[in-house]
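In what follows, chains carry the letters A, B, and so on, assigned in the order in which the sequence lines appear, proteins first and then strands, with residues in each chain numbered from 1.
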Protein chains: 2
Amino acid sequence: MLTDMPTAQPVSAPAAASDIPEVASELRTSVMRMRRRLANERHPDNDLSLGSMAVLGALYANDEMTLGALAARERVQPPSMTRMVNFLEEGGYVVRRQGETDRRQVLVSITDKGRRTVRKDRLSRDAWLAQQLVDLDADELAALRTAASIMERIATS
Amino acid sequence: MLTDMPTAQPVSAPAAASDIPEVASELRTSVMRMRRRLANERHPDNDLSLGSMAVLGALYANDEMTLGALAARERVQPPSMTRMVNFLEEGGYVVRRQGETDRRQVLVSITDKGRRTVRKDRLSRDAWLAQQLVDLDADELAALRTAASIMERIATS
DNA sequence: TATTGTTATACTCTATAACTATA
DNA sequence: TATAGTTATAGAGTATAACAATA
């Protein structure tokens, strides 16, 4: 029964300006709590931090990236990425090699072990979160997908 | 024009099971990046961390809470909340008092300065995020609101 | 004994500053 | 000189363990 609902908005309808601060506040709060919960709930059967797994995921998609590109993508400073890459290299998940055209660069690529870890981990690492989503209806899931896309865009803008 | 869209789902339509892991993964990634971006973009004119502001916000809504209740609400361990409350108390944003019926408890309440800070901060602290939202259309804003609500529920479950 | 909160301590993640190697 | 990355160091935020006070 949609009789009480506002009519569907055209796709380009601007948001009501008065709602924006409220949504911003709600979103910020929920992101902070969600992040903490995700950090707490992550699967303990590999020793990679969430940040390291994100790096590995980027390399899974891109095969080889410079350390600087990884740092920019993950929005961390280069020293932080150096640490993550060190850790991943020690574990055999990635390898470094020197850039060919520019020998200052460090090209990072994923190993077979890294690839296997990503595949295996993608099956299990979101298990907790996926479990929290199973009871959602299709509209709610769609809203999450839309929100994730918007947040991704905002966070990397 | 909705001719190409699937018919509106009944509210209880279950989500497609195959989409869940994908949404979980997208959501997790975007939450992590968003949180880092929010931490970087916060307004520098007060010295309160994001966590401390969340505590102050809870006290703004609830007037007086035990330290344990605050810790549970923010999903941190009691020692972490002790630290945050110490910091807020030193700044004059909150006051402690001993529980009356149970004298082990610490009741934390917000001061006038704390209230003013919350009000002032709510106008400015989400300014960056709100600015990122102004170009969204009504559907996207609604999706964010729905997502925030779901994340809040999941994070505090 | 169990619970509420605090103190002491350590760990993780991130940052800035100073440095090396290369462009 | 400028840039890519590393090393050294520090800070923020969180946790666990041991403790004190109270129930």
For A/Met32 and D/dG13, give me the distance from atom CE to atom C1', rounded to whole Å.
-> 10 Å
Among the candidates D/dT6, D/dT16, C/dG5, find the nucleotide nearest to the side-chain atoms of B/Leu67.
-> C/dG5
Identify whether A/Leu107 and A/Val94 are in the same connected component of the hydrophobic contact network (ILVMFWY, side-chain heavy atoms under 4.5 Å).
-> no
With heavy atoms under 4.0 Å as the rule, sort A/Met84 into base, sugar-phosphate or nothing.
-> sugar-phosphate
Validation row: A/Leu67, A/Arg96 side chains within 4.5 angstrom (heavy atoms) = yes
Can you tabulate the close N/O pairs, meaning under 3.5 Å, that link protein atoms to atoms of nucleotides 20-23 of chain D?
{"unit_1": "D/dT22", "atom_1": "O2", "unit_2": "B/Arg104", "atom_2": "NH1", "d": "3.4"}
{"unit_1": "D/dA23", "atom_1": "OP1", "unit_2": "B/Arg103", "atom_2": "N", "d": "2.9"}

Tell me: CE of A/Met81 to C1' of D/dT7, nearest whole Å?
-> 17 Å
Checking all strands, does A/Gln105 fall into the base, sugar-phosphate, or nothing category for heavy-atom contacts under 4.0 angstrom?
-> sugar-phosphate
Which whole-number value in Å describes the distance from B/Gln77 CD to D/dA12 P?
-> 22 Å
Kindly compute the distance separating OG (A/Ser52) from CZ (A/Arg83), expressed to the nearest 0.5 Å.
-> 9.0 Å
Which nucleotide sits closest to the side chain of B/Arg96: C/dT6, D/dT6, C/dG5?
-> C/dT6
Are the side chain of B/Thr111 and the backbone N or O of B/Tyr93 linked by a donor-acceptor pair below 3.5 Å?
-> yes
Does a nitrogen or oxygen in the side chain of B/Thr82 sit under 4.0 Å from OP1 or OP2 of C/dG5?
-> no
For A/Leu107 and A/Arg83, take the nucleotide of DNA chain D holding the closest heavy atom to each; which residue's nucleotide lies nearer the 5' end?
-> A/Leu107
Distance test, side-chain N/O of B/Ser49 to OP1/OP2 of D/dG13, below 4.0 Å | yes
Should A/Phe87 and A/Met65 be counted in the same cluster of Ile, Leu, Val, Met, Phe, Trp and Tyr side chains packed under 4.5 Å apart?
-> yes
Starting at CZ of B/Arg37 and ending at P of C/dT14, how long is that distance when rounded to a whole Å?
-> 16 Å
Return no unless some side-chain N or O of A/Arg36 is found under 4.0 Å from OP1 or OP2 of D/dT14.
-> yes
Residue met sooner reading DNA chain D from 5', once A/Arg35 and A/Pro79 are mapped to nucleotides = A/Pro79
A/Ser80 vs C/dA15: side-chain N/O to OP1/OP2 distance below 4.0 Å | yes
Let me have the donor-acceptor pairs involving side chains of residues 147-157 of chain A, under 3.5 Å, with sequence neighbours excluded, atom names and distances please.
{"unit_1": "A/Glu152", "atom_1": "OE1", "unit_2": "B/Arg33", "atom_2": "NH1", "d": "3.4"}
{"unit_1": "A/Glu152", "atom_1": "OE2", "unit_2": "B/Arg33", "atom_2": "NH1", "d": "2.1"}
{"unit_1": "A/Thr156", "atom_1": "OG1", "unit_2": "A/Glu152", "atom_2": "O", "d": "2.7"}
{"unit_1": "A/Ser157", "atom_1": "OG", "unit_2": "A/Ile154", "atom_2": "O", "d": "2.8"}

Write down the distance between CE (A/Met53) and C1' (C/dT12), rounded to a whole number of angstrom.
-> 18 Å
Distance, rounded to the nearest Å, where B/Leu50 contributes CG and D/dG13 contributes P | 8 Å
Going only through I, L, V, M, F, W and Y residues with side-chain contacts under 4.5 Å, is there a path from B/Val85 to B/Val95?
-> no
